[in-house]
Each structure stands twice: as C-alpha cells, then as structure tokens.
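Read the structure below first, then the notes.
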Amino acid sequence: MPDELDRVFKALADPARRTLLDRLFADNGQTLGQLCEHLDMTRQAVAKHLRLLEEANLIATRRQGREKLHFLNPVPIHQIGERWIRKFERGRLRALSDLKQALETHDDV
Amino acid sequence: MAASRFVYVIYIRTTPARLWQALIDPEFTRRYWAQTWQESEWKPGAPWRIMIPDGRVGDSGEILEFVPERRLVLTWKNEFKPELAEEGHSRLTYELEPEGESVKLTLTHEMETPKSKLIDAVSQGWPHLLSSLKTLLETGEPLIETTRWPEGV
C-alpha cells in the first residue's frame, strides 16, 4: 500500500526517530522511561516520536503488567529491501558493506 | 518475565481464515517457509513439529493455545543445531486481528534465557518468512529466496 510506504519513509526521515530505533536495536523491549534516559528530548517529544514510529509499523508495543514495552519491527524495512534488491545481489552488497565497515573502523589498515 | 523477546507485526491484505490456513497448512507452508511443513493435531496439549524436506525434524514443541483464526501459542525447541537445541523451549505466539481490508499479524517469539542464541537466530529468519507469506497471499507467488531449504543447513 502506497500510504503505508509513505509513513515508513516519513518516520525514518527524522534523526531523533532513527536514534530511537537504534536504541531498540541495541536493547529491544524498552519502556518510554528507559528510552528517555540520556536523550536530550522531553518525555512528550519522545512519546510523540514513538507514536509516529508505531503508526508506520516500525515499532510494536506490548503491555507487561503496568508497563508498555517497545520493540523494533524491522518487517517494513525488510519489505523495502525486497522491492529493490535482487536475490543474487544480496551477497555482493553484504561484501561491500562489510568492506566499508572494516575500512572505516580500522583506519590504520 | 521473558529475557529474550522480539515482536514483529505485518499487515496482510487477506482474510483471517486464509491467513490461518497459510500458517499451518502443509501445502501452504511448503511454498513460502523453505519447503518445510508442520505436523500436529492442532489442539492444546498436542505435540507439534516442523519437518525439514530431507526428513529431519527442524523444531518441536507443544500447542499451548489454539483459537482458530485468532490466536496460536506453542512452545518451540530447535532440533537441528546443538548450540540452539541446548537452550530448550522458547514460546511463539501468533495473533490475528482484522483491520479494514487487511489482517494484522503479530508474532512474538520469546525465551527466559537472556541473550538467547535461538531467539537471535529466529529473529533473523522471521522477516523473510513474513514478507514471503504476505507476498504469497497478496500476489499468489512467494518470494523466491524462501522457496527452498538452504543448502548445507
């Protein structure tokens, strides 16, 4: 659905929302309070970003007792990849990505 | 409290009845789930297993909840990779909710073990399978990369 994809790209266009996804990628299943720690944003701003991410289906939430936990949902990003990356390109792209990472993290090489 | 867990959500333009069939019917799963199929009597307490095309059992467990077209919960233990098998049983939950012309499928896979290798392994497989399942139900054809059991696994 086109509007589904629009929501994904709009949600990803904001660096604060990408930071929130990074945090869930590092440690999945966090509460709003945990996500607010060490972030230079108000709780209200973080809550608003999380709502947009959930509307774009980039995060899923689960209730656990009185807490609401947030989980990274990579499925829409995977579908974007499926749309433009062919099966046989995947291995070569991974090799290029690994090379870039190796060169950029070991600049003495 | 689960120490390793992921929650994946996908919206599929289909009916709960078709999606339910696609999740458990061997003819359907063989097409998008790497030629595998599941064997079970599909009722609470019944054993459950995934069969790999070469005849091995891939994963096994027990049905915990079975509410047709709405909710399926089962235990899941890997049977073909020793480092995953030794972790024991994880828990998989499928929830289906109609939303407009689509069905929202929420899949939760969890385990008590912190930093579970099994949860890490399945978390990498599920996005492919879910995308392929969606494509199969919406277009009639699965994604090519999930149609065969990977060589050497």
Side-chain angles (χ1 to χ4, degrees), chain A residues 1-8 11 20-32 34-35 50-94 97, chain B residues 1-14 32 34 73 91 93-95 97 99-116 119-120 122-139 141-148 150-151:
Chain A
M1 272 177 275
D3 57 328
E4 195 176 301
L5 204 55
D6 287 348
R7 281 203 292 271
V8 173
L20 288 168
L21 294 180
D22 286 338
R23 295 196 146 214
L24 291 176
F25 184 67
D27 188 9
N28 214 359
Q30 297 188 58
T31 61
L32 172 61
Q34 288 168 323
L35 284 165
L50 289 174
R51 198 165 59 243
L52 277 164
L53 286 167
E54 190 170 8
E55 282 167 10
N57 197 24
L58 288 165
I59 60 171
T61 57
R62 266 269 171 273
R63 287 234 162 250
Q64 185 169 283
R66 285 160 57 187
E67 291 183 325
K68 188 179 182 186
L69 304 182
H70 300 78
F71 293 86
L72 176 65
N73 183 35
V75 175
I77 298 172
H78 184 266
Q79 288 172 296
I80 291 169
E82 287 300 329
R83 178 162 165 172
W84 287 297
I85 301 171
R86 285 179 212 285
K87 185 188 176 191
F88 300 106
E89 291 170 351
R90 207 171 288 276
R92 277 172 279 172
L93 288 170
R94 185 161 298 147
S97 170
Chain B
M1 197 178 294
S4 303
R5 169 156 63 168
F6 63 82
V7 183
Y8 289 164
V9 176
I10 192 163
Y11 292 84
I12 302 177
R13 259 177 290 129
T14 187
Y32 72 87
V73 186
R91 197 165 95 132
T93 303
Y94 299 95
E95 291 161 289
E97 298 163 77
E99 268 195 31
E101 292 180 0
S102 299
V103 182
K104 178 185 183 185
L105 172 64
T106 304
L107 182 146
T108 307
H109 208 144
E110 58 201 321
M111 192 167 208
E112 305 300 321
T113 321
K115 302 205 183 303
S116 155
I119 295 299
D120 188 53
V122 290
S123 76
Q124 292 173 41
W126 276 119
H128 292 281
L129 292 181
L130 292 173
S131 295
S132 192
L133 167 64
K134 177 182 165 79
T135 309
L136 175 60
L137 284 168
E138 292 183 355
T139 71
E141 290 299 325
L143 296 176
I144 196 149
E145 64 184 56
T146 70
T147 53
R148 297 218 164 271
E151 270 178 51

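Proteins get letters first, then strands, A, B, ... in listed order; numbering begins at 1 in each.
- Only the side chain of L69(A) comes within less than 4.5 Å of a heavy atom of chain B; its backbone N, CA, C and O stay farther away.
- Smallest separation of non-hydrogen atoms from P127(B) and H78(A): O-ND1, 3.4 Å.
- When N57(A), I77(A), V75(A) are compared by the number of non-hydrogen pairs under 4.5 Å with chain B, N57(A) comes out ahead.
- Taking both residues in full, the closest heavy atoms of F6(B) and F71(A) are given as CA-CD2, 4.2 Å, listed atom of the first, atom of the second, then distance.
- When the side-chain hydrogen bond (donor to acceptor under 3.5 Å, both in side chains) test is applied to T14(B), no partner is found at least two apart in sequence or on another chain.
- With a 4.5 angstrom heavy-atom cutoff, I10(B) touches chain A via backbone and side-chain atoms both.
- When the shell of 6.0 Å around CD of E99(B) is examined, it contains more than 12 heavy atoms from other residues, nucleotides or ligands.
- To the nearest 0.5 angstrom, T135(B) atom OG1 is 7.0 Å from Q79(A) atom CD.
- Interface remark: T106(B) contributes side-chain atoms only to the contact with chain A (heavy atom separation under 4.5 Å).
- With respect to R62(A) and E95(B), a salt bridge is recorded, a charged nitrogen being found less than 4.0 Å from a carboxylate O.
- We find the CG-CD1 distance between N28(A) and I119(B) to be 11.0 Å, quoted to the nearest 0.5 Å.
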